Amino acid sequence: MTKTGQDHLKSLRDGRSVYLNGQLVGDVVDHPAYRNAVRSTASLYDFQADPENEELMTFVSPTGARVNRSWHLPESYKELVQRRKAIEAWAEQTNGFLGRSPDHVASSLAGMMMRPDLFEAHGSKRAKAFTDYYAYVRDYDQFVSYVVVGPQADRSKGVGEQTEEYTVAGICDEDTQGITVKGAKMLGTSCILANEVLLGTIQPMKPGEERYAFSAAIPMSAKGVKLLSRKSYEASAGSDFDNPLSSRFDENDAVVYFDEVKIPWDRVFVHKDPVMCYAQYHETPAHVLHNYQAQIRLMVKLRFLVGVARKVAETTNVISYPQVVESLGSLAGQAALVEGMVHGMEAKGTNVGKYYVPDRHLMYASQVQAQRMYPEVIQAIRQLTGGGVIMLPSSINDFAGEETSELIKKTQQSPVSDSKNRVKLFKLAWDAIGSEFGSRHLQYEMFYSGAQFAVRNHSFRTYDWGKSIDMVDRFLSTYDLPA
Ligand SMILES: Cc1cc2nc3c(=O)[nH]c(=O)nc-3n(C[C@H](O)[C@H](O)[C@H](O)COP(=O)(O)OP(=O)(O)OC[C@H]3O[C@@H](n4cnc5c(N)ncnc54)[C@H](O)[C@@H]3O)c2cc1C
């Protein structure tokens with residue numbers, strides 16, 4: 001049976017510890033800070049369970065379960081594209097505003113699963129733990145989130161050099177049952193909406209930092225896992241009409257504190273090995289596959305954002321100016337660039353063993369462009385909207401008041417739209433580009449995969465410099481000082 005929204009809602013009623021505004025939240029499913037985001041996530045599972053979408057969205061796993069295609073390990077270009085179509089269709093359900101939908105970390109785990117030899121070399125027990133875990137989360141279509149970066153604290157120091165020993169989550173004890181983990185991870189996007197969390201360290205570590213060099217997975221409800229929720233934008237959204245995006249897609253980001261959490265050995269995949277911690281992401285296609293998912297999602301989001309931009313320009317009729325057409329053309333070019341990169345990654349893909357994965361460097365190249373481009377796109381849409389996104393009724397209640405609704409009609413005019421639809425569009429535009437939710441999205445696109453210097457280093461590391469340097473050397477060898 002394909003997982004449904006109801007199955008997901010039920011699974012979140014697990015007694016997890018979420019803290020908000022100084023209080024322990026009882027049940028996230030019905031809490032006003034999370035209930036709509038929870039349902040948006042659940043609706044993704046309903047979408048895949050719909051008989052019309054089952055073939056697009058799911059495949060039959062080796063054990064016979066019908067599960068989301070992000071768990072599939074593609075063996076050809078055709079299968080990679082088929083898998084992408086499922087990721088794209090899910091992103092379309094949220095216009096790309098759920099950054100960490102369940103297919104993100106599933107992609108990461110799928111990438112790790114393509115290199116069982118790497119885990120074997122680390123230890124056969126750890127390899128078995130990982131492959132068993134993969135089979136479990138795949139066959140139960142679990143929503144896994146991840147926390148792989150330590151809290152900022154002092155960024156000039158390594159994870160093991162902070163003032164307190166367990167500022168960054170580390171192994172504080174271990175016995176025959178498993179490890180005990182204490183300390184924090186910086187930001188768990190979607191943890192509140194997910195079933196499980198994968199914790200690890202993606203930043204390079206030094207010898208001596210072994211206690212921080214592990215990777216493991218636990219259910220959100222595990223004893224001692226404390227989710228410190230950031231402010232909920234959903235809770236202050238007012239209504240769907242006033243904040244159509246914040247009210248539905250506030251996936252939340254929580255600091256995760258591990259208060260001496262016991263993790264059994266069969267959930268520990270990397271143990272006290274800084275090299276393996278890094279290799280788990282970079283010597284397998286994990287980093288490429290989860291960031292490829294993110295580029296597919298961004299492609300969908302940009303498609304949506306340029307649509308908003310064009311509708312705004314039509315509504316105020318600034319589209320009649322050639323400069324505005326030029327600006328829209330530039331935005332369309334930026335959206336298409338990411339789309340072209342996604343298709344390029346697939347066409348130029350390579351084999352990792354029997355698996356077919358997207359081209360590594362094109363993926364990083366796309367991320368480098370995206371980190372610079374997203375703020376430019378937001379800035380360009382702000383230019384187009386002008387004060388229209390501020391000149392708005394305070395809330396839907398203004399439409400209910402007789403006098404205020406008449407005033408809205410007089411003040412919210414457009415050559416192509418009535419006043420209600422003008423307000424509706426501009427409120428959507430503001431939620432996407434300027435509200436606290438929109439602003440968090442700007443920060444998200446700039447940082448979710450690491451700061452710019454980190455992403456650019458990956459691009460540096462994976463570019464085919466040999467080809468470039470050979471060209472330059474060949475050309476240099478064609479001339480010299482006159483004899
Ligand atoms: C909205 C959002 C959601 C996120 N979700 C997740 C998640 O689900 N899971 C997860 O694990 N992480 C998540 N992250 C965390 C993300 O991985 C980190 O933000 C990212 O790794 C960058 O680290 P940082 O934010 O501490 O920035 P820092 O490393 O502190 O960098 C801040 C700035 O300092 C400068 N800087 C820092 N170090 C250097 C250096 N060595 N050389 C040169 N300049 C430097 C750069 O200018 C950089 O832009 C999320 C982040 C955001 C903003």
Side-chain angles (χ1 to χ4, degrees), residues 37 41 96-109 143-159 161-162 167-169 181 183-206 212 214-218 220 225 227-233 245-246 249-258 277-278 280-282 286-287 290-291 293-294 297-298 301 364 367-368 370-372 374-375 378 435-461:
T41 310
F97 280 94
L98 272 193
R100 294 281 154 89
S101 45
D103 44 0
H104 184 79
V105 179
S107 294
S108 202
L109 296 168
F143 183 171
V144 188
S145 54
Y146 65 9
V147 283
V148 292
V149 180
Q152 283 186 327
D154 185 343
R155 277 277 185 258
S156 73
K157 294 188 171 136
V159 290
E161 299 163 342
Q162 303 295 325
T167 298
V168 178
V181 173
K185 287 287 176 184
M186 180 166 163
L187 219 41
T189 300
S190 276
C191 277
I192 287 169
L193 317 175
N195 301 116
E196 297 257 331
V197 61
L198 174 71
L199 69 147
T201 303
I202 203 165
Q203 296 144 301
M205 281 167 284
K206 297 187 283 291
Y212 308 97
F214 68 98
S215 104
I218 35 168
M220 271 354 293
V225 175
L227 298 170
L228 308 170
S229 168
R230 66 150 161 76
K231 173 183 173 180
S232 161
Y233 311 139
L245 299 171
S246 342
F249 306 132
D250 182 16
E251 61 190 337
N252 202 282
D253 316 277
V255 170
V256 188
Y257 187 75
F258 298 89
C277 251
Y278 186 81
Q280 181 186 11
Y281 289 97
H282 295 290
H287 204 243
H290 72 232
N291 286 312
Q293 181 278 343
R297 177 197 54 78
L298 180 66
K301 190 183 190 182
Y364 288 125
Q367 280 197 306
V368 167
Q371 282 190 327
R372 185 173 39 214
Y374 194 82
I378 298 302
S435 68
E436 202 167 356
F437 171 89
S439 187
R440 176 266 176 199
H441 265 271
L442 174 59
Q443 203 69 3
Y444 181 81
E445 301 295 355
M446 288 167 70
F447 279 97
Y448 74 84
S449 60
Q452 276 195 352
F453 76 90
V455 173
R456 289 173 185 190
N457 274 329
H458 290 312
S459 170
F460 178 84
R461 185 171 60 77

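Whatever order the structure lists them in is the order used to number ligands and atoms, beginning at 1. Just so you know, these numbers come straight off a predicted model, no measurement behind them.
Within the 4.0 Å cut-off (strictly below), a protein heavy atom is located near atom 40 (C) of ligand 1. Protein heavy atoms are found less than 4.0 angstrom from atom 20 (C) of ligand 1. Within a 4.0 Å radius of atom 47 (O) of ligand 1, the protein contributes no non-hydrogen atoms. Per-atom contact check: atom 8 (O) of ligand 1 touches the protein, criterion being a heavy-atom distance below 4.0 Å.
In terms of protein heavy-atom proximity, atom 31 (O) of ligand 1 is nearest to Ala451 CB, 4.1 Å. Here the heavy atom of the protein found nearest to atom 36 (N) of ligand 1 is Phe453 CE2, 3.7 Å. The protein heavy-atom contact nearest to atom 17 (O) of ligand 1 is Val149 CG2, 3.4 Å. Scanning the protein for heavy atoms near atom 28 (P) of ligand 1, the closest one is Arg155 NE, 3.7 Å.
Close contacts of ligand 1 with Gln152, meaning ligand atoms under 4.0 Å from a residue heavy atom, involve 24 (P), 25 (O), 26 (O), 27 (O), 28 (P), 30 (O). Applying the 4.0 Å criterion to heavy atoms of Tyr444 picks out, from ligand 1, the atoms 1 (C), 2 (C), 3 (C). Interface of Val147 with ligand 1, defined as ligand atoms under 4.0 Å from a residue heavy atom, comprises 11 (O). Near Asp253, meaning under 4.0 Å from one of its heavy atoms, ligand 1 places the atoms 1 (C), 3 (C). Heavy-atom proximity to Gly450, at under 4.0 Å, picks out these atoms of ligand 1: 20 (C), 21 (O). Listed by atom number, the atoms of ligand 1 under 4.0 Å from Tyr146 heavy atoms are 7 (C), 8 (O), 9 (N), 10 (C), 11 (O). Annotation for ligand 1: atoms under 4.0 Å from non-hydrogen atoms of Arg100 are 5 (N), 6 (C), 7 (C), 8 (O), 9 (N). Against a heavy-atom cut-off of under 4.0 Å, Met186 is close to the following atoms of ligand 1: 19 (O), 24 (P), 25 (O), 26 (O).
Annotation: side chain of Val256 is not in contact with side chain of Leu199 (no heavy-atom distance under 4.5 Å). A 4.5 Å side-chain heavy-atom check between Leu193 and Asn252 finds every atom pair outside the cut-off.
Contact analysis leaves Gln452 out of contact with ligand 1, as no non-hydrogen atom separation drops below 4.0 angstrom.
In this structure, OH on Tyr212 lies 10.0 Å from OG1 on Thr201, to the nearest 0.5 angstrom. Atoms NE2 and OH, from His441 and Tyr448 in turn, are 12.5 Å apart once rounded to the nearest 0.5 Å.
When only interatomic distances are considered, the shortest N/O to N/O separation between Gln443 and ligand 1 does not fall below 3.5 Å. The shortest N or O to N or O distance between Val148 and ligand 1 is below 3.5 Å. Checking only distances, Arg440 never comes within under 3.5 Å of ligand 1, N or O to N or O.
When all heavy atoms of Ser101 and Gln293 are compared, the pair lying nearest together is OG-NE2, 3.4 Å.
Looking at residues two or more places apart in sequence or on another chain, you find a side chain to side chain donor-acceptor pair (under 3.5 Å) between Ser108 and His290. Contacts of Tyr364 classified as ring pair (Phe, Tyr, Trp, His ring centres under 6.0 Å), with partners at least two apart in sequence or in another chain: His287, His458.
In this structure, Gln367 contributes its side chain and Ala294 its backbone to no donor-acceptor pair below 3.5 Å. Side-chain atoms of Ser145 never come within 3.5 Å of backbone atoms of Ala194 as a donor-acceptor pair (strictly under, hydrogens ignored). At distances below 3.5 Å, not a single donor-acceptor pair connects side-chain atoms of Asp250 with backbone N or O atoms of Ser232. Side-chain atoms of Ser246 do not come within 3.5 Å of backbone N or O of Phe437 as any donor-acceptor pair. Under the 3.5 Å distance criterion, the side-chain polar atoms of Gln162 are left unmatched by any main-chain donor or acceptor of Val168. In this structure a side-chain-to-backbone donor-acceptor pair under 3.5 Å is present from Glu251 to Arg100.
Between Tyr146 and His104, a ring centre-to-centre spacing shorter than 6.0 Å is recorded.
Contacts between Lys185 and ligand 1 below 4.0 angstrom, taking non-hydrogen atoms only, are absent altogether. With a 4.0 Å heavy-atom cut-off, ligand 1 is reached by the backbone of Phe447 and by its side chain too.
Remark: among candidates Ile202, Leu187, Thr189, Asn457, the nearest residue to atom 52 (C) of ligand 1 is Leu187, based on non-hydrogen atoms.
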